Amino acid sequence: MASSTPKHAILHGLNDAQRRAVTSDAATVAILAGPGSGKTHTLTARVVWLVDHVGFRPEDVVVATFTVKAAREMKERIGRALGNGRENKIVLGTFHSIARRYLAAYGRHIGLDQKFGIADSDDSRAIITRICKRFQLSVDAAAARAWISKQKAKGTEAASAAARKDAAKLPGQRDLETCYREYQRYLETSNLLDYDDLLVRCVELLRKFPSCVSNVQTVLIDEYQDTNGVQYELMKLFAQRHQRITIVGDPDQSIYGWRSAEIRNLWRLLQEFPSTDEVSLEENYRSSQSILHLSLLVIQQDKKRYQKALKPVHNRGSRPVLRKLKSAATEAEWIVSEIRRAIAMSGSMLTHNDIAILLRSASLSRHIESSLGKAGIAYRMVGGFKFYDRAEIKTLLDYLRVIHQPENNDALARIMNVPRRGIGEVTIKSLLEEAETSGLSLWAVLSKHCRGERTAKTKLTKHAEQRLSGGLLRPLTDIRRRVGEASGPNGTPFGLVQMIEHLLSVLSFEKHLLASHPDDHEQRWANVQEFISLAADFVRDLDRSGDDFLPEIEGLQQTKEAEVLPRFLANVSLASDAQTGDDGQENKPLVTISTIHAAKGLEWPVVFVPAVYNGSIPHVRAEDGDEERRLLYVAMTRAQCLLYLSWPVFGSNGNGERNELSPFVAPVSGSFLDKGPCFDRPVMGEVARILQRKLPPESTIFGGLPALFNPEDNLFPVDPEHSKQEASAGFNGEDGRSGVVVPRAKRPRLQGPPTDQNGGDEAPWRREYTTTMEQSSAFTIASLPGFVSVGAHQAAIAAANAAPGVTQTTDTVKRSTTRRPADQKSILGFVRSNSGPARPAATALPSARMDTALQARQPTGVQPPQCSPAKQAIDPALSGHRLKTGKLLNRPTAASDGDSGKRKQYACFSSSPPRPAAVEDDTGTNTAEVEDDERPEPTRAAACLHVTTCNLPKGLGVGFRRPAGLGRENITPIERLRKPFKPLTISRS
DNA sequence: CTTTGCGGTCTTTTT
DNA sequence: GACCGCAAAG
């Protein structure tokens, strides 16, 4: 074996199912698993396996993720495992960035100008608004934009089918189409691609010139449930040569439906690649049992979902909290008080880094940010406002874009009067119109006018003309020229940073800021400085690890991307956020505030999910209620040890509007604590075990408590309304029918006045027994004494598994089957049987083993790889994923659900984990084991406290470049491929 | 024609 | 609390 990494090292620390997924020799592998089951870890290991063990060249492996953050993390992890910087050769990134890379290299084959720019959402909005005005279209610009984006995202296959179907449709349709057409025409003349175009054009490229990807051996996709139509096509096209695809996903975490993500793509894949090896990972290594239990109670309200097993590995932990507060402001204060309490009562075992506040909308952060700020707690905000969205940064970027692409009318129009040049809105609009109707670019109109070659129809004052010519056109032309010279032999280097600095001085940018933002010009100027250092970092990282390397393919000309500027601009457009440099500010612990969407794939020991009221989750404007529920599920399953949901009873817009508890939470509200848990020794001990940390001795903890510290969560009334009889009683009606075991909501005990409860209560943390660190090893089972490292523990399990006689492995571990449990059907089978018209779901293959399931789809499996057969198999109701909760039209299972709550017979899926409350958590199975692979990276402190930037380790955002042709032996891809696959380590019967 | 000041309107999620 | 449209002053 020519493996650089020994096999056992790749597989080290993986459980059986993960191992099977990693080593599977099937061409297509689908890994379906719930949160915290090590999906990404498994995918990473498979990449390493494919490279080091199977022998694919890294540059022949494509790994696509959905978000920039995921791509960064993936790259870092692969880098750690692979070493030698080989991760830089892998074609790894978001779908959009990979597509851009291919278009930059080969785009001219499909007639794409090499210097194409990327139109961001602001650009497209502006363009579409203008088009709607000019053509007097009777459509809302925003709606048109959404429609156009949907059209593109559908993918060509679906689009052509749809086109036939609704040929004659709504009256608005015509206008929409006109708008679409004009929009595309405009983008083309400005040499711009919008986000969707990147994918669409790449599909076109790979379809017409398959040789571009002829080297690709295998394709791996993370968060597959979020792919949309085009991305699905793109995936297949990348893999067109060898059809080797590995996907990882979880239908329950599909939260991008609004961006045209299609869960259906999962069925579609299984349909089109019938011999796909399905692997499910069932152990949850992240959360405590009680967190998992409650999360499942929430997600199971969706009766149409494909149910997967999810087995907690950890101990029970403390029950999640559902806290009711008076207002959003109180809620924020309460969060601060709980953060302080948790940290203090853990003796600083927990730090701010361990805490996340996850929001449905970024705008909800206002109160929370101000409370944290008042309390002096440092935080960072992920998602929401972005660094590059700041006005001053956008202006600078627009200047850079115009330097790069003079024909970018929108950018030019935006900067024409910034800094002020005495040119108003009206003039600019008129000039833009003139440019568009005359077929010239705005730049051309202006420069011709100023040179006297052609007089613009629009009147310009002498003053404006002068400033335009001297302050805009000339300097930019000048910069452009100097960039050109720099690439010559002896030219003085005029790098990106110099360019920006030059620009700043030519524009007197600091003065401009002072004039236009007298209040906060300092902050804004600081942002500009930050921007410069970002650019410097980018240039440096480009030198170090390179970017955008695509392997050479024989007989196919690549366009080399030489210039820094276009790459910088592309990086900005495609990166969701800036990575700030390592400017001073050591690793100060920061609380994370994030949108739920941006938190996917991450985990924290302590998670707050505020604003769980109707209108926030589910959001008022949300179209798909089930998706909103999944969103809540994603948020809840980020938590490892402590989970807090909360909601303000009264809306914050003054007029005493009442909120309603989220309907996803209300039915199970009784399963929550109504206030923060008492952090006594056992509770904190469990936290420590889950996190594998050392809990300081009690003396240290109490010694460190500030004076007058309140050890309980009783600063705020449990029922802020004082009325004892309202609450959530109304929601319990459905429970019996839906079969969810819900303890009756407990009436919150009436609390005394919030202030004076301290002395009276018996101090709950002062237990009779003291559990010291040493004694706490007794919590864990004898065979694995004390706190062990993950690696050691995994090794122990592995060893135990290897020796069949040894019984000390826990039940949980032993049952970590490598396949679906006996009563869990293939996900494809699930779809099939659900789509059957009157088939009682419960009887459908009640004990289908995988083999039978496989057989079941074999006959139909041989199908033309078109989407039509797949469509047939999908229950339309399901594919829409739009079924309302509780409207369970007389399902035959309803009856069986009702009776004795032993083990629910879910319609054709597995035994599923809502563990009855009676299950003992101390069966000795739960050693403190943790898979830390999905722990968020420690992040650097922001430059200042309240900046909303996300700091990630540097050097990971950029792609990679390698001197072409270096270090590559003359082994053709084909020969590589011929290498025998390693036989499976796990026997399959 | 541009700038400034005022009042009414809305507030998802991301590449 | 930020953004748009409108009216009046420079």
Side-chain angles (χ1 to χ4, degrees), chain A residues 64-71 93-100 118-125 129 141-142 145-146 149 152-153 193-200 202 223 226-228 230-231 234 253-261 328-329 358-367 369-370 382-386 388-389 391 416-417 420-431 458-461 463-464 467 515-516 570-577 594-600 611 615-624 627-628 630-632 634-635 651-654 950:
Chain A
T65 64
F66 206 67
T67 64
V68 178
K69 217 193 295 175
T94 60
F95 272 103
H96 291 86
S97 81
I98 295 177
R100 193 206 69 87
I118 297 169
D120 62 26
S121 1
D122 282 336
D123 294 327
S124 21
R125 193 176 323 126
T129 310
R145 200 162 76 92
S149 174
K152 294 182 180 178
L193 298 181
D194 70 12
Y195 290 128
D196 300 306
D197 284 335
L198 286 173
L199 305 176
V200 172
C202 195
E223 304 282 15
D226 289 329
T227 53
N228 62 29
V230 213
Q231 285 163 334
L234 209 48
Q253 293 186 64
S254 162
I255 52 176
Y256 282 95
W258 51 275
R259 241 178 72 177
S260 312
L358 305 183
L359 309 165
R360 169 68 245 257
S361 327
S363 54
L364 291 167
S365 72
R366 249 198 5 260
H367 287 116
E369 288 192 59
S370 88
V382 183
F385 304 109
K386 283 156 203 149
Y388 295 127
D389 281 346
M416 220 191 289
N417 197 32
R420 294 253 145 94
R421 296 190 177 94
I423 306 160
E425 217 180 314
V426 182
T427 314
I428 294 176
K429 277 237 170 73
S430 146
L431 283 168
T458 316
K459 245 194 260 159
L460 282 167
T461 60
H463 179 70
R467 306 258 298 241
S516 55
N571 192 60
V572 169
S573 315
L574 294 180
S576 58
D577 211 332
S594 170
T595 59
I596 299 173
H597 284 90
K600 192 158 72 158
S616 176
I617 295 194
H619 195 273
V620 249
R621 301 192 40 157
E623 293 171 10
D624 184 344
E627 179 156 314
E628 297 290 304
R630 276 176 258 138
L631 204 48
L632 179 61
V634 167
S652 27
N653 44 352
C950 161

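Scope of the values below: all heavy atoms of this structure, side chains included, with no hydrogens, waters or symmetry mates. Keep in mind that what you see is a predicted model, and the values were worked out from it rather than measured.
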For A:Thr67, answer base if it contacts any base atom (sugar-phosphate contacts may also be present), sugar-phosphate if it contacts only those atoms, and nothing otherwise; contact means non-hydrogen atoms under 4.0 Å. sugar-phosphate

All side chain to side chain contact (heavy atoms under 4.5 Å, CB included) counterparts of A:Ser363, not counting sequence neighbours: A:Ser361

Below 4.0 angstrom from OP1 or OP2 of B:dT2, is there any side-chain N or O of A:Thr427? yes

A:Asp226 and A:Ser254: which non-hydrogen atoms are nearest, and at how many Å? OD1-CA, 3.8 Å

Within the 4.0 Å heavy-atom criterion, would you say A:Tyr256 contacts the bases, only the backbone, or no part of the nucleic acid? sugar-phosphate

A:Glu425 CD to B:dT3 P: how many Å, rounded? 10 Å

Can you give the dot-bracket line for DNA chain B, where a pair is Watson-Crick or G-U wobble with both atom distances under 3.5 Å, crossing pairs use [ ], and | marks a partner on another strand? ||||||||||.....

Residues in side chain to side chain contact (heavy atoms under 4.5 Å, CB included) with A:Thr427, at least two apart? A:Ile423, A:Leu431, A:Thr458, A:Leu460

Here the distance between atom C1' of B:dT14 and atom CZ of A:Arg259, to the nearest Å, is 5 Å

Sequence neighbours excluded, which residues qualify as side chain to side chain contact (heavy atoms under 4.5 Å, CB included) partners of A:Val200? A:Lys152, A:Val230

What pairs of nitrogen or oxygen atoms, one from the protein and one from nucleotides 4-8 of chain C, lie under 3.5 Å apart?
none

A:Arg100 CZ - B:dT15 P separation (whole Å): 16 Å

For A:His597 together with A:Trp258, are the ring centres under 6.0 Å from each other? yes

Between atom CG in A:Asp226 and atom P in B:dT15, what is the gap in whole Å? 11 Å

Assign each of A:Asn417 and A:Thr94 to its nearest nucleotide of DNA chain B by heavy atoms, then name whichever residue's nucleotide is nearer the 5' end. A:Asn417

Tell me every residue that passes side chain to side chain donor-acceptor pair (under 3.5 Å) with A:Arg421, counting only those two or more places apart in sequence or in another chain. A:Tyr399

Which residues satisfy the side chain to side chain donor-acceptor pair (under 3.5 Å) test with A:Ser149, sequence neighbours excluded? A:Asp196

Rounded to the nearest Å, what distance is computed from the CD atom of residue A:Glu223 to the P atom of nucleotide B:dT15? 12 Å

Does OP1 or OP2 of B:dT15 have a side-chain N or O of A:Ser97 closer than 4.0 Å? no

What residues form a ring pair (Phe, Tyr, Trp, His ring centres under 6.0 Å) with A:Phe66, not counting sequence neighbours? A:Tyr256

Taking it one step at a time, do A:Tyr195 and A:Ser121 satisfy side chain to side chain contact (heavy atoms under 4.5 Å, CB included)? CA-CA 8 Å; A:Tyr195 290 128; A:Ser121 1; 4.2 Å; yes

Once you round it to whole Å, what is the distance between P of B:dT13 and CZ of A:Phe66? 16 Å

If the condition is salt bridge (charged side-chain N to carboxylate O under 4.0 Å, His left out), which residues does A:Asp122 pass it with, not counting sequence neighbours? A:Arg125, A:Lys394

Nearest to the A:Ser121 side chain among B:dT2, B:dT14, B:dT15, which nucleotide is it? B:dT15

In whole angstrom, what separates A:Asn228's CG from B:dT13's C1'? 15 Å

Taken to the nearest whole Å, NE2/A:His619 to P/B:dT14 is 12 Å

Kindly confirm whether the side-chain ring of A:Trp258 is stacked on the base of B:dT13, judged by centres under 5.5 Å and planes under 30°. yes

Tell me, please, which residues at least two apart from A:Ser594 pass side chain to side chain donor-acceptor pair (under 3.5 Å). none

Could you tell me whether A:Asp196 contacts a base, only the sugar-phosphate backbone, or nothing, with contacts defined as non-hydrogen atoms closer than 4.0 Å? nothing

Would you kindly say whether A:His96 and A:Arg100 are connected by a side-chain donor-acceptor distance under 3.5 Å? no

Partner residues of A:Ala146 under the side chain to side chain contact (heavy atoms under 4.5 Å, CB included) criterion, sequence neighbours left out: none

Heavy atoms only, 4.0 Å cut-off, all strands: where does A:Ile423 land among base, sugar-phosphate and nothing? sugar-phosphate

Base, sugar-phosphate alone, or nothing: which one does A:Ser616 contact when heavy atoms must sit under 4.0 Å apart? nothing

Where do N or O atoms of nucleotides 4-10 of chain B meet protein N or O atoms at under 3.5 Å, pair by pair?
| residue | atom | partner | partner atom | Å |
| --- | --- | --- | --- | --- |
| B:dT4 | OP2 | A:Arg420 | NH1 | 3.4 |

